[in-house]
Amino acid sequence: MANSMREYLQQDMECEGLLECIHGLKELDKEVFSTIVESPEALTVDEIADRVDRERSTAYRAIKRLQQSGFVQQEQVNYEQGGYYHVYQPVDPDQIADDMQRMLNDWYAKMGNLIGEFREKYDETAQLQQAAE
C-alpha cells in the first residue's frame with residue numbers, strides 16, 4: 001500500500017485500486033466485492049465465504065466494510081414457514097462512481113484550501129525573515 005500521493009501516482013493501479021485508495025479497503029474486501037459483482041444472483045454470506053475460501057466471520061466482516069463504503073447492499077429473503085436470511089449484491093456501478101467522484105472533488109477542494117493556507121503561512125514567514133535581514 002502506498003504511503004504518499006507520489007507513491008500512489010507512481011503505482012500501476014487498476015480501477016479496483018480505488019477501493020483501497022479512496023475507501024481504505026483491504027485485499028479481501030476487493031476479492032469479496034469481485035465475487036459479488038461476478039455472480040449472476042445475490043449471494044449469502046456462506047456462499048461468499050466458500051468462493052473466497054475464508055471463514056464465514058471473516059467474509060462477513062469484509063461484506064460489512066463494503067456495505068459501509070456503499071459498494072454492497074443487503075436484502076432480506078423470507079422463508080414461507082417463517083424466518084429469513086440475507087443476500088448481498090452490488091450497488092449500481094454508476095452510483096458508486098458518482099459517490100467516488102464527489103469524494104474526490106471534496107478532497108481536491110480541501111487540498112486546494114490547505115495548499116493556499118500553506119502558501120500564505122510560509123510566504124508570510126519568508127517575508128518576515130527577509131525584512132529582518
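Predicted, not measured: the structure shown is a model, and the values here were computed from it. Residues: numbered from 1 along the sequence shown.
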Taking only distance into account, with no hydrogens and no angle test, what donor-acceptor pairs under 3.5 Å do side-chain atoms of residues 65-73 form with protein atoms, sequence neighbours excluded?
{"residue": "Arg65", "atom": "NE", "partner": "Asp29", "partner atom": "OD1", "Å": "3.0"}
{"residue": "Arg65", "atom": "NE", "partner": "Asp29", "partner atom": "OD2", "Å": "3.0"}
{"residue": "Arg65", "atom": "NH2", "partner": "Asp29", "partner atom": "OD1", "Å": "2.8"}
{"residue": "Gln67", "atom": "OE1", "partner": "Lys64", "partner atom": "NZ", "Å": "2.8"}
{"residue": "Ser69", "atom": "OG", "partner": "Arg65", "partner atom": "O", "Å": "3.1"}

Hydrophobic cluster identity match, [X] and [Y], side-chain contacts under 4.5 Å:
{"X": "Trp107", "Y": "Leu114", "value": "yes"}
{"X": "Tyr60", "Y": "Val37", "value": "yes"}
{"X": "Ile36", "Y": "Val87", "value": "no"}

- [ ] Could you tell me whether the side chain of Ser39 and the main chain of Thr35 form a donor-acceptor pair under 3.5 Å?
- [x] no
- [ ] Kindly check if the number of other-residue, nucleotide or ligand heavy atoms within 6.0 Å of CD (Glu80) is above 12?
- [x] no
Rounded at 0.5 Å granularity, tell me how far [atom1] in [X] sits from [atom2] in [Y].
{"X": "Ile63", "Y": "Thr58", "atom1": "CD1", "atom2": "OG1", "value": "11.0 Å"}
{"X": "Glu31", "Y": "Lys26", "atom1": "CD", "atom2": "NZ", "value": "13.5 Å"}
{"X": "Met111", "Y": "Asp106", "atom1": "CE", "atom2": "CG", "value": "11.0 Å"}

- [ ] Report the residues that fulfil ring pair (Phe, Tyr, Trp, His ring centres under 6.0 Å) with Tyr79, sequence neighbours left out, ordered by chain and then residue number.
- [x] Tyr85
Task: side-chain contact (heavy atoms from CB on, under 4.5 Å) between Asn113 and Lys110, worked out - done: CA-CA 5 Å; Asn113 288 336; Lys110 185 173 186 172; 5.6 Å; no
TODO: Assess the side chains of Gln101 and Asn105: does a donor N or O sit below 3.5 Å from an acceptor N or O?
DONE: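 Asn105 and Gln101 do have a side-chain donor-acceptor pair below 3.5 Å.
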TODO: Can you tell me which residue pairs pass the side-chain hydrogen bond (donor to acceptor under 3.5 Å, both in side chains) test with a partner in residues 48-57, sequence neighbours excluded?
DONE: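 Qualifying pairs, neighbours excluded: Asp46-Arg56.
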Open item on the list: When you compare the side chain of Tyr88 with that of Leu43, does any pair of heavy atoms fall below 4.5 Å?
Closed with: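 Side chain of Leu43 against side chain of Tyr88, heavy atoms only: no contact under 4.5 Å found.
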